[in-house]
Protein chains: 2
Amino acid sequence: MGQGAGRREPTMREVAALAKVSTKTVSRVINGLPGAGTEVTDRVRAAARTLGYRPDLTASSLRRSDRRSATIGVLFEDLSNPFDSALLRAVEDRARHSGVLVLAGSSEDDRALQRELLVSLSARRVDGVVVMAAGGHQDALHQERERGTPMVLVDRPPTFGGTDCVTTTNRDSSRDAVLRLAALGHRDIGFLGDRRTLWTSQERYTGYLEGLAQAGLTLREELVRTDLHGDAPAEAAARTLLGLARPPTALFTAQNLVTVGAMRALRARGEHRRVALIGFDDFRLADLLEPGITVVRQDVPGIGRKAAELVLARIDGDTSPPVHAVVPATLVRRGSGEIPPPTG
Amino acid sequence: MGQGAGRREPTMREVAALAKVSTKTVSRVINGLPGAGTEVTDRVRAAARTLGYRPDLTASSLRRSDRRSATIGVLFEDLSNPFDSALLRAVEDRARHSGVLVLAGSSEDDRALQRELLVSLSARRVDGVVVMAAGGHQDALHQERERGTPMVLVDRPPTFGGTDCVTTTNRDSSRDAVLRLAALGHRDIGFLGDRRTLWTSQERYTGYLEGLAQAGLTLREELVRTDLHGDAPAEAAARTLLGLARPPTALFTAQNLVTVGAMRALRARGEHRRVALIGFDDFRLADLLEPGITVVRQDVPGIGRKAAELVLARIDGDTSPPVHAVVPATLVRRGSGEIPPPTG
DNA sequence: GTGAAAGCGCTAACAA
DNA sequence: TTGTTAGCGCTTTCAC
């Protein structure tokens with residue numbers, strides 16, 4: 001049996017010829033449109049069956065007035081990242097319920113690559129896109145949006161107008177986490193964050209500042225480290241903080257991998273039961289560690305579903321004002337965030 | 001600014017009109033084909049720029065003789081699963097280097113859904129598919145393959161002929177893991193596996209049996225539990241095993257979530273430092289646990305890349321005999337697999 | 001080097 | 001209820 005590109009697909013015309021009707025009639029039957037006699041319908045169906053006919057959506061879309069491809073583009077930072085993939089899955093599920101498939105790509109937080117992928121998606125005439133904007137200027141996204149492409153941003157809002165987005169309670173949940181640590185008596189709370197160009201990082205840092213202020217604590221700048229991309233830099237930064245003359249008694253880590261890095265540092269110093277830790281973003285097995293890691297958990301399926309619903313609605317012609325949906329995150333207490341400061 | 005489906009895209013004809021050339025000439029310029037004067041080329045490019053022209057790959061593909069959509073389908077079990085998403089990412093990367101985009105879907109290990117998604121993909125005329133076959137009969141996949149669709153199966157081989165696939169060293173690596181435990185002196189090695197309908201489960205179980213045999217150990221059937229889908233059933237099964245009069249001194253867990261369940265059970269009983277554990281499939285943070293979890297790690301990027309390469313080659317007309325590529329897994333020692341049996 | 005005509009597979013608009 | 005004609009945006013074929 002051949003392994004090549006394979007034989008030609010049968011066409012509507014061939015079905016029509018076999019059923020001895022016009023292609024238009026076949027079209028009606030295949031699409032379940034009214035105005036086709038039962039006998040003719042049966043004949044067409046039989047012919048389609050015999051030939052193994054399968055409709056060509058690309059050709060149909062080309063001709064139809066709505067021009068829909070029943071496909072949306074999803075452009076995230078890294079599809080192998082747990083957050084991104086959970087989001088993709090949620091979008092996929094919601095889209096499939098509307099007969100829509102997903103063309104997925106990873107932008108690597110690289111604007112050039114994001115633009116390139118955007119072009120690839122538009123060449124395939126996707127009906128809309130769900131995008132996790134790469135850091136920095138969003139001119140490519142803005143341009144695409146200006147052309148009229150339905151677009152929803154997730155995780156990070158647009159820096160331009162007229163576009164829906166879905167984010168979580170970055171600032172509020174961060175503030176609450178810090179307040180929680182403060183309520184336990186912590187006065188030296190460190191902050192470890194990811195790239196400052198990211199909106200989420202900024203929001204979480206702002207929440208940290210708000211929490212300190214609200215708890216009547218003064219910011220100690222030497223307890224703040226940002227631009228930590230990945231767990232290795234985060235681990236190094238945490239070690240530095242813990243080595244200070246007056247080290248933090250609690251840490252707020254503003255991102256997944258940063259939390260992991262901080263945990264490694266705490267463990268390496270044997271302080272993971274003595275220094276409190278609350279991380280932003282949940283991760284698998286956080287409950288299996290000792291102590292369990294207290295985290296702010298985003299409702300990732302909720303975010304994905306909402307984003308999909310928004311883009312599908314826009315595709316269906318919804319022209320209501322742009323929406324910035326905020327899906328609440330929740331604090332999950334597991335132990336690490338409940339460690340009190342050392343007494344005395 | 002409108003939020004609706006947006007304005008019409010400019011067409012090649014409009015570009016041609018503005019540049020005062022024929023559409024054919026525009027086509028040549030856009031596609032970088034020879035036979036277009038430099039002056040005309042410039043005029044066309046300028047016109048395309050002015051109008052914001054972007055080629056329509058779907059229309060082009062409809063007319064071109066190769067009929068390529070430059071799109072492949074990826075049908076995995078669950079795109080939010082770490083294994084699946086890492087695989088998707090690897091396929092995506094390799095495909096993108098060939099200008100190919102990925103239409104992704106989750107089959108939920110449900111044959112009806114898998115078939116439905118396959119139909120959706122074929123309606124969009126993907127050039128080929130990479131599939132993680134749902135358990136049970138593969139008739140839908142077989143049919144699709146018979147139609148000539150280039151197809152590569154990943155993780156699990158086809159039950160029909162003429163089709164490429166990429167898997168890992170399930171059996172050999174499982175046997176080696178068991179032999180390793182046996183070499184430490186373990187004589188009562190339990191096996192926890194997931195659904196028996198899965199080929200990977202069967203292979204890993206076979207490897208377990210081979211390992212026992214090769215080490216001169218006799219199988220104790222009561223130490224074998226399968227059909228554990230998810231970590232909760234796995235945890236329950238592990239508890240049962242550990243509660244036996246003569247419990248296992250080591251466990252081999254044949255899947256990701258099963259390993260997690262076993263860890264939970266060990267922890268709940270406070271035996272995680274006394275009972276050895278080797279799991280199949282690596283997972284994040286396996287090194288942060290105490291002890292670190294020794295695992296058999298698949299080369300997921302390697303598998304994905306290979307699968308993408310195979311399907312792209314078939315799409316390009318490669319008609320060499322079908323390949324079953326086996327990408328080696330490696331044992332990662334972290335502590336849990338190095339625990340000796342209790343002395344005496 | 002450039003263009004006119006035909007047509008990919010399908011559906012809109014109309015006619016019968 | 002059914003068919004005919006035209007044409008979606010593009011590329012092929014072949015003529016100039």
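The chains referred to below are lettered A, B, ... by the order of the sequence lines, with proteins before strands, and numbering in each begins at 1. FYI, side chains are in, hydrogens and waters are out, and symmetry mates aren't considered; it's all heavy atoms of this structure.
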Nearest 0.5 Å please: distance from the CZ atom of B:Arg63 over to the CG atom of B:Asp56. 15.0 Å
Expressed in angstrom and rounded to an integer, what is the separation of A:Leu57 atom CG from C:dC8 atom C1'? 16 Å
In whole angstroms, how far is the P atom of C:dG9 from the CG atom of B:Leu62? 7 Å
Got a sec: does the NE2 of A:His324 have more than 12 other heavy atoms crowding it under 6.0 Å? yes
What are the two closest heavy atoms between B:Ala47 and B:Val15, and how far apart are they? CB-O, 3.8 Å
Taking B:Val311's backbone N and O only, do any of them form a donor-acceptor pair with B:Asp164's side chain (distance below 3.5 Å, no angle check)? no
Backbone of A:Arg145 reached by a side-chain donor or acceptor of A:Thr149 within 3.5 Å: no
Closer than 4.0 Å, any side-chain N/O of A:Thr11 to the OP1 or OP2 of C:dG9? no
A:Phe83 to A:Met132 - nearest heavy-atom pair and separation: CE2-CE, 3.9 Å
Do A:Glu92 and A:Arg96 meet the salt-bridge criterion of a basic N to acidic O distance under 4.0 Å? yes
Are any protein N/O atoms closer than 3.5 Å to N/O atoms in nucleotides 14-16 of chain C? If there are, list each pair with its distance.
none

For residues 11-21 of chain B, which residue pairs pass the salt bridge (Lys or Arg N to Asp or Glu O under 4.0 Å) check, not counting sequence neighbours? B:Arg8-B:Glu14
Nearest heavy-atom pair of B:Ser98 and B:Leu312: which atoms, and what distance? OG-CD1, 3.7 Å
Can you see which heavy atom on B:Met151 is nearest to which on B:Thr163, and at what distance? O-CG2, 3.5 Å
Counting the atoms with a prime plus P, OP1 and OP2 as sugar-phosphate, which does B:Ser61 contact under 4.0 Å by heavy atoms, base, sugar-phosphate, or nothing? nothing
To the nearest Å, give me how far apart CZ (B:Arg64) and P (C:dA6) are. 23 Å
To the nearest Å, give me how far apart CG (A:Leu33) and P (C:dA13) are. 13 Å
Residues of residues 41-48 of chain B with any non-hydrogen atom less than 4.0 angstrom from an atom of DNA chain D: list those, numerically ordered, please. none
List the atom of B:Ser107, the atom of B:Leu113, and the distance in Å for their closest heavy-atom pair. O-CD2, 3.6 Å
Tell me yes or no: between the side chains of B:Ser122 and B:Glu144, is some donor less than 3.5 Å from an acceptor? no
Whole Å only: how far is the CZ atom of B:Arg125 from the P atom of C:dC8? 15 Å
Using a 3.5 Å distance criterion without hydrogens, assess whether the side chain of A:Ser106 forms a donor-acceptor pair with backbone atoms of A:Leu79. yes
Regarding B:Thr71 and A:Arg124, is there a side-chain donor-to-acceptor distance under 3.5 Å anywhere? yes
Under the 3.5 Å Watson-Crick or G-U criterion, the dot-bracket string of DNA chain C, with | for inter-strand pairs: ||||||||||||||||
What does B:Pro34 touch in the nucleic acid at a heavy-atom separation under 4.0 angstrom: a base, only the sugar-phosphate, or nothing? nothing
Span of DNA chain D in contact with chain A (heavy atoms, under 4.0 Å): D:dT1 to D:dG9
Will you find, in the side chains of A:Arg89 and A:Ser85, an N or O donor that is under 3.5 Å from an N or O acceptor? no
Using a heavy-atom distance cut-off of less than 4.0 Å, which residues of residues 13-25 of chain A contact DNA chain C? A:Arg13, A:Thr23, A:Lys24
With sugar-phosphate meaning primed atoms plus P, OP1 and OP2, does B:Gly35 contact a base, only sugar-phosphate, or nothing at under 4.0 Å between heavy atoms? base
So, B:Arg49 and B:Asp42, do they make that salt bridge, N to O below 4.0 Å? no
